Amino acid sequence: QVQLVESGGGLVQPGGSLRLSCVASGKDSGTDFSIATMGWYRQAPGKQRELVATMHISGTTDYGDSVKGRFTISRDNAKNMVSLQMNSLEAEDTAVYYCNADGSMIRGGGTPSLFRSWGQGTQVTVSS
């Protein structure tokens, strides 16, 4: 399996900024993997999980309508890392943010398989 570890959540005032980061690693030393798409989703209380931003290995990005122009996703493919710079934060951005990665992996030199992994989630709270 491929594990995702997020960091950077917290409490910020409206209009402020936060930066989230997520790093992917193989669960054991025998796992090789390649990430096609990596990004962020969020889920607010009582609401469905929604797209925030994703980036394909080619550099193509996709943003949720509510964050366009305020959030910027970036990716370091060599480090299997994705970051999300969040500016002009609003109360409506309060949610648990989850890192997501899709790709392929090989365990112990076996047959390649597809994977989809999720991080444990990091809380972002926008409040005065």
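Just so you know, these numbers come straight off a predicted model, no measurement behind them.
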Practice task
Would you sort out whether R116 and L114 count as a side-chain contact (heavy atoms from CB on, under 4.5 Å), showing the intermediate values?
Solution key: CA-CA 7 Å; R116 163 165 278 197; L114 300 178; over 6 Å; no
Practice task
Could you please spell out the steps behind the side-chain contact (heavy atoms from CB on, under 4.5 Å) verdict for S127 and L11?
Solution key: CA-CA 7 Å; S127 175; L11 173 65; 4.2 Å; yes
Exercise for the section: Please round to the nearest 0.5 Å and tell me the distance separating atom OG of S7 and atom CE of M81. Expected result: 7.5 Å
Problem - From CA spacing to verdict: side-chain contact (heavy atoms from CB on, under 4.5 Å), S83, R75 - result: CA-CA 6 Å; S83 297; R75 183 173 164 176; over 6 Å; no
Problem - Carboxylate-amine/guanidinium proximity below 4.0 Å for D93 and R70 - result: yes
Fill in the blank from the handout: Looking only at heavy atoms, the pair that brings A95 and Q123 closest together is O-NE2, 3.4 Å
Practice task
Give, for atom OG of S25 and atom NZ of K79, the distance between the pair rounded to the nearest 0.5 Å.
Solution key: 15.0 Å
Problem - Spatial distance of atom OG1 (T37) from atom NE2 (H56) [nearest 0.5 Å] - result: 4.5 Å
Exercise for the section: For the residue pair T54 and T61, establish whether any side-chain heavy-atom pair is separated by less than 4.5 Å. Expected result: no
Problem - Six-ring centre of Y98, R49 cation under 6.0 angstrom, axis tolerance 45° - result: yes
Problem - Side-chain donor or acceptor of E50 paired with backbone N/O of Q43 under 3.5 Å - result: no
Exercise for the section: May I ask you to decide if C99's main-chain N or O and E6's side chain share a donor-acceptor pair within less than 3.5 Å? Expected result: yes
Problem - CD-OG1 distance between Q13 and T125, expressed to the nearest 0.5 angstrom - result: 13.0 Å
Exercise for the section: Might you point out which heavy atoms bring S88 and S17 nearest each other, and give the distance in Å? Expected result: N-OG, 4.4 Å
Exercise for the section: Start with the C-alpha gap between D62 and L51, add the side-chain angles, then the distance that decides, and say whether side-chain contact (heavy atoms from CB on, under 4.5 Å) holds. Expected result: CA-CA 9 Å; D62 189 17; L51 168 71; 3.5 Å; yes
Practice task
Considering only Ile, Leu, Val, Met, Phe, Trp and Tyr, and joining two whenever side-chain heavy atoms are under 4.5 Å apart, list the other residues clustered with L4.
Solution key: V2, V12, L18, L20, F33, I35, M38, W40, V52, M55, Y63, V67, F71, I73, V82, L84, M86, L89, Y97, M105, F115, V124, V126
Problem - Any side-chain heavy-atom pair of R42 and S66 under 4.5 Å - result: yes
Problem - Rounded distance (nearest 0.5 Å) linking atom CD of Q3 with atom CG of N80 - result: 13.0 Å
Handout entry: Under the side chain to side chain donor-acceptor pair (under 3.5 Å) test, residues paired with T60 that sit two or more places apart
Key = S58
Exercise for the section: Measure the OG-CD1 distance between S34 and I106 for me, rounded to the nearest 0.5 Å. Expected result: 9.5 Å
